[in-house]
Amino acid sequence: MTVLDAAPTGPAVPAVRGQGLVPVFVRLKLTLLRNGLRQSSGRRAAYVASLVVTLLLAVGQVIGLVALRGHAQAGTLVVLLTAVVALGWAVMPLFFPSGDETLDPSRLVMLPLRPRPLIGALLVASLIGIGPLFTLALALGSVVAVAHGVGAVVFAVVAVPLTLLVCAALARSVATANIRLLTSRKGRDLAVLSGLVIAVGIQFVSFGAQSLGRAGGLSSLEPVVDVVRWVPPAAALGAVSSASDGAYGTALGQLLLSVLALGGLMWLWERSLVKLMTSPDGSTVAAAEPSAGRSGADRSGLFSLLPDGRTATVMQRSLRYVVRDPKTKAAWVSALAIGLIVPVLNAAQGSGSAYFACFAAGMLGMQMYNQFGQDTSAFWMVALSVSTTRDAYLELRARALALLLITLPYTVLVTVVTSAVLGDWAALPGVMGLSFALLGAMLATGALASALFPYSIPQDGAFKNVVPGQAGLAWISVLGGMVAAAVLSGPVIGLTIWLHMADQQGQLWLLLPVGAVYGAFIGWLGVRLAAPRAADRLPEILAAVSKG
């Protein structure tokens, strides 16, 4: 259901003029929420679960903040928490633009509404939801933690709603300014990549928390907090803390700064809304003429270095998927980022080992699994070009070579960086050889899993990677393949363990050539064994990968 579906029509217009837009948009938001929950029991269950979890977190947050009342670092924690929550309000519309249909003001462009009353109504309507409830709990708990004295309570009465309004206006202004990006293909790519940002962010939060523990706690962040407490909306709650200390002039300045920030966000929001409602978009601008002289495969640039024939075509197609397909791009970027962050951050904390660098080879080797499923329904064009085992072998080999173009230099990079951070250069050859062996084993098992256990990847939904009914295939393909890869890497792993136990660290350099040769051989063997199975099972593979 769209906003226009729920909007009042016909006889309701005079009532809107008489009572204003705010009640209408509040009812509109509640109607959208109610009708959305009616769509399916799964959606209702997800919403109820999200609400319960949010309420539990909010209650726990309030209790924790109240318990900090009188603590020396309570003001520091309150300011930092508010700044983090405000950052979340700013970036969540970019990653989850479909989470709230009223975030899209382009649905209202055909209605006779003026921007200024419209943004007021949208601002009030945006205060209905799980996010505002959590933010309100944070603000209430924060003022209880830091408010001491009548003056601070007076500032707190203004700071709580002001904090909530600034967060809501920030989200709305960011969403309106970027709505055309968010509803485009690039915007959908951004939404798909949100999982990467969250995963990477968790790694950095964990690293930062451990660093704080070693540095002596929140007191080490006082210089940062001295700046953040002047940044709205953290400045509003900072004003309560300043009033508790008797610095009423400072508190008034912080509160006034938050009021000005709210006014500035509303002004920017109005400007973006006017531009959105009056300027033409892609549907009213003529499409650019196709470039002349471009036909067939583009072999310019780096693609000109690829070998001729089917190998070049398949490699080019695979590499273009990495750049253009949202799901493939998200998987690759996530693997590249996490494969570097985990070993390097562990090494930087002094708790890691150089062998953590093998994690990068494992993350990238997983991209070999479900090769045909990545093509989705377009795989029928590939199937038409495969008539013999030789064709299937060339197809799988070219896909593996395209993967190696990225994974080999990246594995070397992660290994070198991890060894440099640890200062353990003696382990570098052994780690690199073991990584090469693991990568070759995953290429082998990935090729076999692609032929034996293909599954479809749905195009809708940023976080749906398996269509309903094929979850078992996905688990067998990925987890079974990873276990098999670990077994296939056993000879090189065993050699590594033996050299360490026999105190033969000086011979660890042998692992580099042994691992490289073994990895190349096992990868080639896996592709060879997978080719006849792929050729024989083309109809089954096509049926499996086309279900999405």
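Numbers here simply count residues along the sequence, with the first being 1.
With hydrogens and angles disregarded, a donor-acceptor distance shorter than 3.5 Å links the side chain of Ser173 to the backbone of Leu170. Remark: side-chain polar atoms of Gln507 are not paired, donor with acceptor, to backbone N or O of Asp503 under 3.5 angstrom. Side-chain atoms of Ser450 come within 3.5 Å of backbone N or O of Asn370 as a donor-acceptor pair. Ser353 contributes no side-chain N or O that, together with a main-chain N or O of Phe356, makes up a donor-acceptor pair within less than 3.5 Å. Arg533 contributes a side-chain N or O that, together with a main-chain N or O of Leu529, makes up a donor-acceptor pair within less than 3.5 Å. With hydrogens and angles ignored, the 3.5 Å screen pairs no side-chain donor or acceptor of Thr82 with any backbone N or O of Ala234. When atom types are taken as modelled, the side chain of Arg399 and the backbone of Gln371 share a donor-acceptor pair closer than 3.5 angstrom. The backbone N or O of Ala451 lies less than 3.5 Å from a partner atom in the side chain of Arg537, making a donor-acceptor pair.
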Go through it in stages, so that I can follow the logic: the residues are Glu395 and Arg390, the test is salt bridge (Lys or Arg N to Asp or Glu O under 4.0 Å), and I'd like the CA-CA distance, side-chain angles, deciding distance and then a yes or no. CA-CA 9 Å; Glu395 177 75 24; Arg390 175 67 178 173; over 6 Å; no
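In this model, a donor atom of one side chain and an acceptor atom of the other lie less than 3.5 Å apart for Tyr369 and Thr445. Under the 3.5 Å distance criterion, with hydrogens and angles disregarded, a donor-acceptor pair is assigned to the side chains of Arg310 and Ser385.
You'll find the side chain of Leu422 reaches within 4.5 Å of the side chain of Thr418, heavy atoms only. For the pair Trp89/Val166, no side-chain contact is recorded, criterion being any heavy-atom separation below 4.5 Å from C-beta on. Taking 4.5 Å as the limit, every side-chain heavy atom of Leu438 sits out of range of all side-chain heavy atoms of Leu488. Leu133 has its side chain within reach of Leu55: a pair of non-hydrogen atoms, C-beta onward, lies under 4.5 Å apart.
In this structure, CE in Met432 is found 13.5 Å from CG in Leu508, a value given to the nearest 0.5 Å. Here CG of Leu443 is found 13.5 Å from CZ of Arg397. Values are rounded to the nearest 0.5 Å. Between Leu495 atom CG and His500 atom NE2 the span is 10.0 Å, to the nearest 0.5 Å.
Between Phe379 and Phe372, the ring planes are tilted. Angles from 30° to 60° get that label.
Within a 6.0 Å radius of CH2 in Trp230, other residues, nucleotides and ligands contribute more than 12 heavy atoms.
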